[in-house]
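When reading the values below, keep in mind they use all heavy atoms of this one structure, side chains included, and skip hydrogens, waters and symmetry mates. Everything quoted here is computed from the prediction, not taken from an experiment. The sequence lines fix the lettering, A, B, ..., with proteins before strands; numbering per chain opens at 1.
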Number of protein chains: 2
Amino acid sequence: MPPAKPSATPGPPRAGARVTLRDVARTLGVSVATVSNAYNRPDQLSEDLRQRVLQAARDLGYHGPDPLARSLRRGRTGVLGVVYDAPLDYAFADPAAALFLGSVTRTVQNRDLNVLLLAAPHDSQADATLAVRNASVDGFIVYCAADGSALLRAVLERGLPTVLVDQEPHAGAVNVGIDDAGGAQAAAAHLLALGHRHLGVLCLELSEQRASGPVGPAREAQTTYRTTDQRLRGYRAAAAPHPDATLYPTEAAHNTPDSGEALTRDLLTRHPQVTALLCMSDVLAQGALRAAAALGRRVPEDLSVVGFDDLPGSETMDLTTVWQPTGDKGEQVGQAMLTLLAGQPAAPVTLPTRLVVRGTTAPPAP
Amino acid sequence: MPPAKPSATPGPPRAGARVTLRDVARTLGVSVATVSNAYNRPDQLSEDLRQRVLQAARDLGYHGPDPLARSLRRGRTGVLGVVYDAPLDYAFADPAAALFLGSVTRTVQNRDLNVLLLAAPHDSQADATLAVRNASVDGFIVYCAADGSALLRAVLERGLPTVLVDQEPHAGAVNVGIDDAGGAQAAAAHLLALGHRHLGVLCLELSEQRASGPVGPAREAQTTYRTTDQRLRGYRAAAAPHPDATLYPTEAAHNTPDSGEALTRDLLTRHPQVTALLCMSDVLAQGALRAAAALGRRVPEDLSVVGFDDLPGSETMDLTTVWQPTGDKGEQVGQAMLTLLAGQPAAPVTLPTRLVVRGTTAPPAP
DNA sequence: CATTCACTCTGAAACGATTCAGAGTGCTGT
DNA sequence: ACAGCACTCTGAATCGTTTCAGAGTGAATG
């Protein structure tokens with residue numbers, strides 16, 4: 001490393017000590033209250049003095065009241081923590097997450113609230129709960145966490161207003177979610193009604209211990225992500241009346257098209273008799289379609305595919321899928337949080353899902 | 001609205017007053033310093049007393065030291081603000097942003113720093129700078145902001161350690177960026193060398209006043225996003241030696257495939273003589289490929305397409321593009337921030353770009 | 001027996017702001 | 001001339017911690 005440059009940056013802020021409200025007050029010979037008012041309540045002092053205060057602040061290199069101290073005194077930070085139990089990359093890779101978060105942000109922004117994204121560290125050695133325990137926030141939104149996970153526990157321990165999204169209910173938190181089981185059931189029922197009997201299933205993450213590949217009964221029993229669990233139950237519920245129907249569940253380590261593609265290749269190679277695929281997300285379905293094309297299986301003639309989410313792009317892909325009100329969900333979550341922050345109890349919400357039949361499903365080839 | 005439920009949630013935290021360190025201390029008859037030490041310096045008190053403190057805390061419903069007060073006292077928050085001059089939806093829609101942010105996060109996470117994403121409000125009425133002025137952060141990373149924008153000014157006014165990504169240099173901040181102009185020049189030179197003379201250009205946003213469609217000289221002169229400006233200059237620099245070459249610049253209001261598709265349709269309809277497309281991002285290029293397919297123009301026989309970024313998916317698409325070290329960039333930004341936070345001066349960084357020729361470029365049809 | 005030392009624990013001063021309850025003004029109305 | 005009022009400005013308490021400089025113990029050391 002080269003020796004530090006001798007000349008500190010000349011133009012910008014004076015290096016060294018931090019300038020505070022008090023310094024400005026002292027310079028001008030006024031009270032700190034007055035300086036504070038100059039920033040927060042212009043009507044509490046004469047315009048003349050106010051300008052002098054602001055000028056002195058500029059001269060001294062005072063950058064305005066410290067948000068931290070202000071938050072402490074005011075008792076609110078204006079920040080909402082969103083807990084996402086996966087590295088930031090994956091959070092970004094998921095359009096449904098983007099949609100949801102955009103919607104939450106929009107809803108709370110009117111109340112001068114911002115969103116702090118608390119993603120899991122890439123380094124699995126690192127303590128994922130540290131960020132949660134240290135975050136200066138007014139409340140938590142848990143978007144994605146395994147039931148019973150350390151992360152979830154850390155959130156609940158903070159005792160702040162908390163909204164759980166698509167999670168098992170917990171005391172001290174409000175739940176907002178969708179009818180995962182119902183939507184999944186409708187999707188599977190649709191395929192079964194078309195005559196399919198060998199259904200591949202592309203699951204989202206089953207548990208914090210990510211894995212990829214076929215899912216046996218033992219593994220299936222360990223499912224801790226509620227969304228995955230509910231959807232799988234939905235599929236199975238639809239299959240129950242059909243003794244001749246078989247499900248071939250596999251799990252993706254991450255919700256990405258690549259993951260879906262790899263899983264599909266593997267599944268179709270292993271079980272060529274599979275004529276239809278139940279995917280727990282449109283993103284996985286997208287990968288499934290790519291794999292089908294690569295394998296030379298026409299959709300829907302040789303292979304039916306159903307997704308989940310109904311992303312904006314899925315209509316273009318003509319994908320049969322289960323629609324969920326992602327935007328609404330974000331809004332409901334935001335509203336629930338605002339209610340909690342206002343000190344009022346918020347009621348849990350369950351939003352409906354709906355099967356949208358498009359062009360990727362058809363009866364199996366005879 | 002129905003009347004508020006009479007019974008407050010019974011299980012969770014005691015409603016009403018907040019429990020503090022002092023309450024715990026008082027209950028046990030010890031000093032607050034001791035309670036604080038129980039949490040922060042277990043070696044400073046007997047294990048026995050420590051357990052009693054922790055137990056009393058649990059009994060009282062004390063959730064641990066308030067991060068806000070702690071941050072104030074310690075003089076650091078452990079949060080880095082990342083300024084993104086677009087709504088969160090768009091931030092998420094951009095895989096390059098995901099990659100970059102993931103890399104930044106990974107780099108600073110080892111130092112117990114988290115990332116606060118400060119995206120612009122959807123409601124353009126809202127004050128975008130408010131979040132910046134109120135954020136309790138140790139430093140700012142400006143990922144995407146127009147030169148001279150209110151957002152950028154607000155950041156610089158905070159006087160905190162600041163890293164500017166792909167931006168014009170500013171006093172009091174460190175720049176980290178890539179060789180945009182060089183990469184763009186290489187891309188255009190490649191097409192010109194293949195014999196193309198009518199080059200469509202799909203620009204990223206030119207200025208905060210988003211617009212979509214053809215770009216005239218007047219509009220081009222108003223470019224305030226440095227990335228767009230530099231890349232356009234690169235394209236033009238490559239074209240300069242070829243008097244018979246013509247550029248047809250258009251601008252996208254947002255960096256999305258849809259935007260690229262619409263722009264391409266419009267451009268090719270308006271100027272059928274165009275045989276090649278210079279896209280300022282792989283995302284736009286992806287849209288361009290979709291449009292070409294829809295219009296029945298084969299790539300690369302009837303239309304050459306060059307992207308920018310070289311996203312992970314672009315190799316699969318066999319897209320000729322300008323590679324940039326997105327991951328490295330994030331790491332450099334993280335490192336620069338860590339250096340600044342350590343009170344040392346950080347040197348500006350410019351990373352190289354490189355043209356990657358794949359299958360979407362070829363000589364024009366004779 | 002006097003020192004020294006390690007071990008626990010405490011008091012009080014920060015950290016940087018906001019805010020409430022006045023204290024001085026000077027002006028108006030009667 | 002005096003009460004009343006509007007307008008400015010101030011003092012001091014407070015938000016919930018951390019941390020530094022000891023104070024008080026009892027045991028080990030010489």
Check the distance between [N]'s [atom2] and [X]'s [atom1] and give it to me in whole angstrom.
X        : N      : atom1 : atom2 : result
B:Asn40  : D:dG16 : CG    : P     : 17 Å
A:Arg133 : D:dT17 : CZ    : C1'   : 17 Å
B:Arg41  : D:dA21 : CZ    : C1'   : 13 Å
A:Arg50  : D:dT8  : CZ    : P     : 13 Å
A:Arg76  : C:dA17 : CZ    : C1'   : 16 Å
B:Asp43  : C:dC7  : CG    : P     : 10 Å
B:Leu68  : C:dA17 : CG    : C1'   : 11 Å
A:Arg22  : C:dT18 : CZ    : P     : 13 Å

Residue pair [X] / [Y]: nearest heavy atoms and the distance that separates them:
X        : Y        : answer
B:Gly330 : B:Thr107 : O-OG1, 4.2 Å
B:Ala336 : B:Val174 : CB-CG1, 4.5 Å
B:Val24  : B:Ala56  : CG1-CB, 4.3 Å
A:Glu208 : A:Thr224 : N-OG1, 4.0 Å

Are the side chain of [X] and the backbone of [Y] linked by a donor-acceptor contact shorter than 3.5 Å?
X        : Y        : result
A:Asp166 : A:Arg226 : no
A:Asp138 : A:Thr77  : yes
B:Ser71  : B:Pro67  : yes
B:Arg158 : B:Val132 : yes

Of the candidates C:dT18, D:dT17, C:dG16, the side chain of B:Leu72 sits closest to C:dG16
Within the structure shown, what part of the strands sits under 4.0 Å from A:Leu49 by heavy-atom distance: base, sugar-phosphate, or nothing?
-> sugar-phosphate
Which is true for B:Leu21 with a 4.0 Å heavy-atom rule: it touches a base, it touches only sugar-phosphate, or it touches nothing?
-> base
For [N] and [X] - does any side-chain N or O of the residue sit under 4.0 Å from the phosphate oxygens OP1/OP2?
X       : N      : result
A:Ser46 : D:dC7  : no
B:Ser71 : D:dT17 : no
B:Arg18 : D:dG16 : yes

Is a donor-acceptor contact shorter than 3.5 angstrom present between the side chain of [X] and the base of [N]?
X       : N      : result
B:Arg70 : D:dT17 : no
B:Arg73 : D:dT17 : no
A:Arg74 : C:dT18 : no

Please work out which residues in residues 23-36 of chain A have a non-hydrogen atom less than 4.0 Å from an atom of DNA chain C and list them by number.
-> A:Ala33, A:Ser36
Of A:Gln44 and A:Tyr39, the one whose closest nucleotide on DNA chain C sits nearer the 5' end is A:Tyr39
